[in-house]
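Beneath this line is the structure, given in structure tokens, with notes to follow.
Values below: all heavy atoms of this structure, side chains included; hydrogens, waters and symmetry mates excluded. Atoms within each ligand, like the ligands themselves, are counted from 1 in listed order.
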Amino acid sequence: MEMQAKFQDKCVEILEECEQYDLLEKYEQATEEEKDSLAQQIVKLDFDFKGGLAEYCERARDLLNDSKMGVNPFGGFIPSVPTGINVEANSKEFHQLEAIGMSNMADACFVLVAGGLGERLGYSSIKVGLPLTLLDKELCYLKYYCEYIKAFESRVIVDLDEEEQKEFYIPLCIMTSGDTHEKTLALLQEKDNFGMKKDQITVVKQEKVPALIDNNANFSVIKGKLEIETKPHGHGDVHTLLHQHGVIQKWAKMEKRWVIFFQDTNALVFRALPSALGVSVRKDFDVNSICVPRKPGEAMGGIATLTNEAVNQKITINVEYNQLDPLLKASWNENGDVADKSGNSFFPGNSNIILIKVSTYLDTLDKTQGLIPEFVNPKYKDEEKEVFKSSTRLECMMQDFPKLLDKTSNVGFSCYERWISYSAVKNNIIDAAAKFDQGLSPECASTGEYSLFDCNARLLEMIGLNIEETNEEDLKDFQGIRIRDGAKIFLHPSFGVTLKEIREKITGENFISKKSILWLEGQETSIHDLHLDSTLVTSADSFEVGGEYNDQKYIEYVPLDPTEEGFDELDEVIKIRGFRLSVPEEFDDLNIISN
Ligand code: UTP
């Protein structure tokens with residue numbers, strides 16, 4: 001009883017500090033039971049939010065006012081082209097950078113931001129639990145990331161003595177949220193942490209923040225209940241959490257030097273990571289963003305250097321595309337976001353994979369607690385900007401970390417072609433098809449799967465493999481997303497983590513027909529004089545594979561028709577792709593998802 005009274009008193013105190021007078025009125029009229037439950041929620045929200053709810057409301061009022069007045073967040077800043085390197089796959093520089101990156105990989109640690117709700121994808125479970133390809137039901141994104149980290153470890157461990165090898169690991173921290181936490185933990189437990197060491201994985205959970213219903217930052221109350229509606233605060237929370245939970249302090253003690261932030265469904269980027277780490281080391285970048293070329297005006301944030309002499313500030317940062325063009329027009333080029341000689345914008349596209357130097361990171365978090373400046377993005381009903389269409393909240397973004405750095409920090413980018421560095425699974429098939437029709441990247445489950453095959457095929461072609469070309473007849477239509485259906489090559493992380501390593505394992509004259517499937521797995525596996533017109537799956541303990549496989553036993557990717565009988569009964573991971581596999585009986589023992 002005494003405890004409940006204390007909670008209630010604290011709740012009233014917090015609501016008064018927050019100037020939540022409408023809610024206080026409702027609270028006064030509520031039953032004891034309702035009061036208790038709201039009090040618990042308010043006290044917890046106040047505790048979870050760094051700085052407390054009063055600070056949250058104060059900042060919200062300021063930002064909502066700026067939004068109403070149309071204040072430009074970059075007012076006073078002059079943009080210029082940022083410093084960075086365009087890394088061309090298989091170039092001499094690419095190989096040099098990969099070598100530098102791998103000789104520093106022992107000092108790396110990884111952070112996966114996996115707290116996103118995935119509303120646009122509409123998948124009923126967590127995105128990191130999605131299988132990368134229907135060819136292997138066990139290989140979900142999270143497993144693939146763990147396999148990659150283990151593959152990096154097995155390459156760098158050879159430089160350590162026996163005692164060091166036992167202790168050594170490359171750590172991974174996963175940020176979850178209320179929407180993904182339990183399921184992520186359950187997946188890790190069920191799969192025994194995917195073979196990672198006991199202390200190797202840390203999970204930190206981000207909390208939600210109160211949703212706001214008007215410019216006065218009044219909390220949104222769920223209809224029919226005395227409960228505050230809450231919403232995610234954005235992936236920028238990762239910086240506060242790594243500091244709050246002592247994760248980054250622990251990594252600094254372990255003498256780790258680089259922390260690599262990556263996203264829930266961009267598997268491709270791991271092919272670019274060794275060389276991107278090489279860029280960080282060579283350029284001594286405090287922050288290095290992995291970028292992709294973007295067309296002028298393309299709906300993707302661009303990295304720009306912004307200088308404001310009046311306040312002695314200079315930052316290199318992601319600028320959202322709708323803010324970039326007016327900013328450039330005002331003080332860089334009267335035509336705004338124009339093309340360079342290659343036809344791309346001078347300001348590369350941010351893929352939100354970021355490498356940060358641990359020493360800079362820890363110093364900055366010690367000073368700032370990792371509190372990233374927030375923004376607010378209300379959708380207004382009226383011209384006066386007084387009424388919201390739906391509740392809003394303050395948000396913060398991981399890529400805004402450079403805002404916490406001082407002017408002398410060394411921030412730059414490494415730019416890669418998309419085929420080797422960027423393909424996320426974000427959109428449901430209907431929205432993805434609409435994007436496809438507009439010539440935009442669909443970023444959905446089918447393109448996610450095919451982009452892996454495409455990347456691996458291109459890498460193998462670069463090192464001399466002969467892969468049969470596709471043509472217009474090979475175009476398949478997956479509910480409006482049209483993709484050329486060629487050879488499907490999967491290079492498991494254990495097979496090779498650098499292009500040099502892969503090149504050394506593939507010797508002789510090799511040919512793969514466009515209907516073939518080739519799955520290469522295992523550090524000892526190699527290919528010599530292979531002629532493949534069939535399906536060939538190697539396992540972790542395979543050795544040299546070669547010779548003729550001409551029996552034309554193909555696993556076919558068959559477009560789905562949603563009006564077809566039995567469609568509704570199909571597994572969700574098949575439905576979101578828009579294709580299913582037709583599998584010859586002899587492959588029944590593979591881990592294929594086929595219905
Ligand atoms: P996305 O932009 O894909 O957003 O997040 P989302 O929230 O996952 O999906 P939608 O917008 O609801 O459709 C980019 C990355 O940031 C993580 C996501 O898990 C993804 O890896 N994220 C996003 C967080 O960790 N926390 C958040 O609050 C939001």
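Of the options Met175, Gln206, Lys208, Met398, the smallest heavy-atom separation from atom 26 (N) of ligand 1 is shown by Gln206. In the candidate list Lys127, Lys426, Glu119, Lys127 is nearest to atom 6 (P) of ligand 1, counting heavy atoms. When the options Val113, Asp431, Val111 are ranked by their closest heavy atom to atom 17 (C) of ligand 1, first place goes to Val113. The closest non-hydrogen atom to atom 14 (C) of ligand 1, taken over Gln263, Met397, Glu395, comes from Gln263. For atom 23 (C) of ligand 1, the choice among Gly116, Gly118, Gly178, Gly236 with the nearest heavy atom turns out to be Gly116. The residue among Asn427, Asn266, Asp264 with a heavy atom at the shortest distance from atom 18 (C) of ligand 1 is Asp264.
The aromatic ring centres of His233 and Phe49 sit less than 6.0 Å apart. Between Tyr148 and Phe110, a ring centre-to-centre spacing not shorter than 6.0 Å is recorded. The six-membered or imidazole ring of Tyr145 lies near that of Phe270, with a centre-to-centre distance under 6.0 Å.
Each of the following atoms of ligand 1 lies closer than 4.0 Å to a heavy atom of Pro232: 28 (O).
From the protein, the heavy atom lying nearest to atom 4 (O) of ligand 1 is Arg120 NH2, 3.5 Å.
Phe567 carries Lys575 over the face of its six-membered ring, with the cationic atom under 6.0 Å from the centre and within 45° of the normal.
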